[in-house]
Amino acid sequence: MLKVINALLNFIYYYPLFMAYLWIMGAVYYYHKWEGRGKRSFEDVPNLPSHPLVSIIVPCYNEGENIKETIDYLFKLKYPNYEVIVINDGSTDNTRKILDEMLNKYQSLRIVHLASNQGKPMGLRVGSLVSRGEYLICIDGDTVLDPYAVTWIMWHFINYPRVAAVTGNPRIRTRSTLLGKIQVGEFSAIIGMIKRAQRIYGRIFTVSGVVAGFRKSALQRVGYWSLDMITEDIETSWKLQLDHWDIRYEPNALCWMLAPETLKGLWIQRLRWAQGGFQVFFKHLRDFFSWRKRRMWPIFFEYAISAFWSYSMATVIVLWVLGQIVRMPSYLHVSAVFPPGWAGVILAITCLLQFAVSLFIDGRYEKRFGKFYYWMIWYPLVYWVINVATIVVGVPRALIRKRGKRAIWKSPDRGVR
Amino acid sequence: MTYWEKLIISRPDLQTFRQRWYSSVITLLFWLIWIYLLSPLISLIAWVFGIKIFYDTMISLGGYKTFFRVFGVYLLAVFIIALIYFGWAIYNRERFKNRERRHKFLSISCVELSSFFKISEEQVQNCKKSKRIEFDFDEMGDIKEIDMNGISLKYPFPNG
């Protein structure tokens, strides 16, 4: 038993440590190979041989406060051939009225009203049905798309027929509170770093639901977005890649999004991600044993191990807390969750190094980005506590969730404004 | 100011003074915890400045051995991870490069859309032309009514 506890302690220490080095190596390699070492501005877009029609799909539910701004920015895009389709998913606020008023303001704006709330996957499906373009770019109703983002995304589709989806680089707008500032660092640096590293081995865990481009013919092959998946972005990414399509990460395709700034809002969001991720994992578990689908193995492994890490961490924390309250048998005694000494030094330096590298790589997209280094010190705690808690709660929820139950959305926390 | 700088919502004034103060102070405290993790390193630097004590502890008593053993094991582990990671990436690149079996600019037809969404080809085409559409669905998620420019069509759809 003592050996098991020691093995768990070693695992919870070594896993994040070595994954951090893997992400750093991958991100640095990506930065050198595909980002031109940061010398090229995201406004310096590549020349495209043609400009096929792009349909921008914006599913929204109760977005009365944000949808006007989202649409107005969409008509500032620097791409010559596109239409905007807004799907009002049975909103109960004034979204419908605002959209109908805007209909005549822009010639290439189209509006679809759904009689009742059907969930984001259905909204996206309807958008695909009515769209005229072969290329779809899907953004959330509270998101502002950068004027150059479409050109960057289309570069991949035009040059690489194997590419089924391209995910962009979401940036956080809400930065008033501590939680907002931590998420700025997390989204801009850590998530971007992981996506860059995954891109090197050719498979990406998920496109960002907030900004992603799709090839419609690829979506048709995999049956579009599944209606029962609460994280439709993860599931569609897995379906496409298991069907041997490529997904690309394009850091120059920026979008600006609102994020939760309360603990409750953050908890709801992260629990949905954890539960949804494992819903997808269990659904596609059988594919894990297919040799033909071996390119997805690193994604499967990483996800399974991170779940095991969360449960190990939870076990060690519980044993440590119990040990502070009652006298535990020696074989269940945990003296410290992370032992100090040289191991602690290396872990602390690794974290600081990871933040520094990620902020350096991502700093070219925003000026004076380094100031978030002060706030990023929280990230390991947020990652370890919230990630552990949401996975511990989310996995059983994913297992007991009724198959085929429709995924309907609720209005999220959108920060302090 | 660029357009995106205008988009940033940084309004700490919407929080109370106490909330702002807490955020800054607890972050500073968290940095101190981080520095605690680094305490052996800080001790080492302190020893370096007291060269004799440093020499006694790290050299004469062999303190450097632990450091190099731990550091060496980590370096080896990172090297093996790098080999596996880049090896897998190179294997896949060599295996799949220049193998393009998909048609360039393949696009899907109204027939395929009509079959998937269980409506007629004509309705698919009409949906694509309309500027404002309303849909209603049944419990299974199938379309039961489409309203385009005031003309309503209900399931079963003609030729659907």
Side-chain angles (χ1 to χ4, degrees), chain A residues 14 18 21-22 25-26 52 100 103 110-116 118 122 125-126 129-132 134 144 146 161-162 171 173-178 200-202 216-217 220 223-224 227 254 256 295 298 338 340-349 352 374-375 377-378 381 406 415-417, chain B residues 3-5 7-15 19 22-24 26-27 30-31 34-41 66-67 70-71 74 77-78 81-82 85-86 88-89 92-93 96 100 102-108 112-113 116-117 119 124 127-128 130-137 141 145:
Chain A
Y14 284 114
F18 290 126
Y21 281 107
L22 191 140
M25 285 187 293
D100 284 341
L103 195 58
R110 300 170 64 205
I111 305 290
V112 178
H113 294 295
L114 308 189
S116 56
Q118 296 291 320
M122 178 62 93
R125 273 191 184 191
V126 171
L129 167 65
V130 305
S131 61
R132 296 166 189 156
E134 160 65 7
V144 171
D146 181 78
R162 202 186 176 89
R171 326 284 302 176
R173 290 174 64 189
T174 39
R175 303 175 177 190
S176 305
T177 64
L178 177 61
I200 300 296
Y201 60 69
K216 201 155 76 178
S217 49
Q220 171 81 19
Y224 296 90
L227 300 179
L254 306 180
W256 301 87
R295 283 194 85 182
F338 282 110
W342 289 116
V345 172
I346 289 174
L347 187 67
I349 289 179
L352 295 177
Y374 178 71
W375 304 100
I377 197 76
W378 279 105
L381 188 74
R406 294 278 296 279
V416 175
R417 284 187 286 165
Chain B
Y3 87 92
W4 59 262
E5 283 172 313
L7 288 174
I8 303 297
I9 304 162
S10 184
R11 295 284 310 276
D13 55 296
L14 294 176
Q15 299 173 89
Q19 283 173 324
Y22 277 164
S23 298
S24 300
I26 57 172
T27 304
F30 205 65
W31 270 101
W34 221 250
I35 290 166
Y36 159 75
L37 279 175
L38 294 171
S39 54
L41 185 70
T66 317
F67 174 75
V70 172
F71 197 66
Y74 287 176
V78 171
I81 289 169
Y85 174 70
F86 287 110
W88 180 255
N92 280 297
R93 195 187 65 195
F96 297 106
E100 193 46 73
R102 287 173 176 78
H103 298 291
K104 226 171 181 179
F105 308 122
L106 181 84
S107 63
I108 58 170
E112 290 168 290
L113 283 169
F116 186 84
F117 288 95
I119 58 172
V124 172
C127 282
K128 286 175 182 291
S130 295
K131 197 164 162 64
R132 187 184 182 282
I133 317 168
E134 293 199 36
F135 283 94
D136 199 1
F137 297 86
E145 189 172 350

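Below, read A as the first sequence line, B as the second, and so on, with proteins coming before strands; counting in each chain starts at 1.
Of the two parts of A:Y374, the backbone and the side chain both hold a non-hydrogen atom closer than 4.5 Å to a non-hydrogen atom of chain B. For chain B, the nearby part of A:D100 is the side chain; its heavy atoms alone come within less than 4.5 Å.
Proximity of B:I119 to A:L129: side-chain heavy atoms (C-beta onward) are separated by under 4.5 Å at one or more points. Taking 4.5 Å as the limit, every side-chain heavy atom of B:I81 sits out of range of all side-chain heavy atoms of A:Y21.
The nearest pair of heavy atoms linking A:R295 to B:W88 is CA-CZ2, 3.9 Å. Residues A:R110 and B:S130 share a closest heavy-atom pair of NE-O, 2.8 Å. Closest of all the heavy-atom pairs between B:G141 and A:L227 is CA-CD1, 4.5 Å. Scanning both residues, A:M25 and B:V78, for their nearest heavy atoms gives CE-O, 4.2 Å.
With chain B as partner, the option from A:L352, A:V130, A:L114 having the largest number of non-hydrogen pairs under 4.5 angstrom is A:V130. Each of B:E134, B:R93, B:K131 has some count of heavy-atom pairs under 4.5 Å with chain A, and the biggest count is that of B:K131. Ranked by heavy-atom pairs under 4.5 Å with chain B, the first of A:D146, A:L254, A:V144, A:I349 is A:D146.
Distance CZ/A:R125 to CG/B:L113: 12.0 Å, rounded to 0.5 Å. Expressed to the nearest 0.5 Å, how far CG of A:L347 lies from OH of B:Y74 amounts to 8.0 Å.
Side chain of A:R132 to main chain of B:K128: a donor-acceptor pair is present (N/O by atom type, distance under 3.5 Å, no hydrogens or angles).
Taking the six-membered ring for Trp and thresholds of 30 and 60 degrees, A:Y201 and B:Y85 have ring planes more than 60 degrees apart, a perpendicular arrangement.
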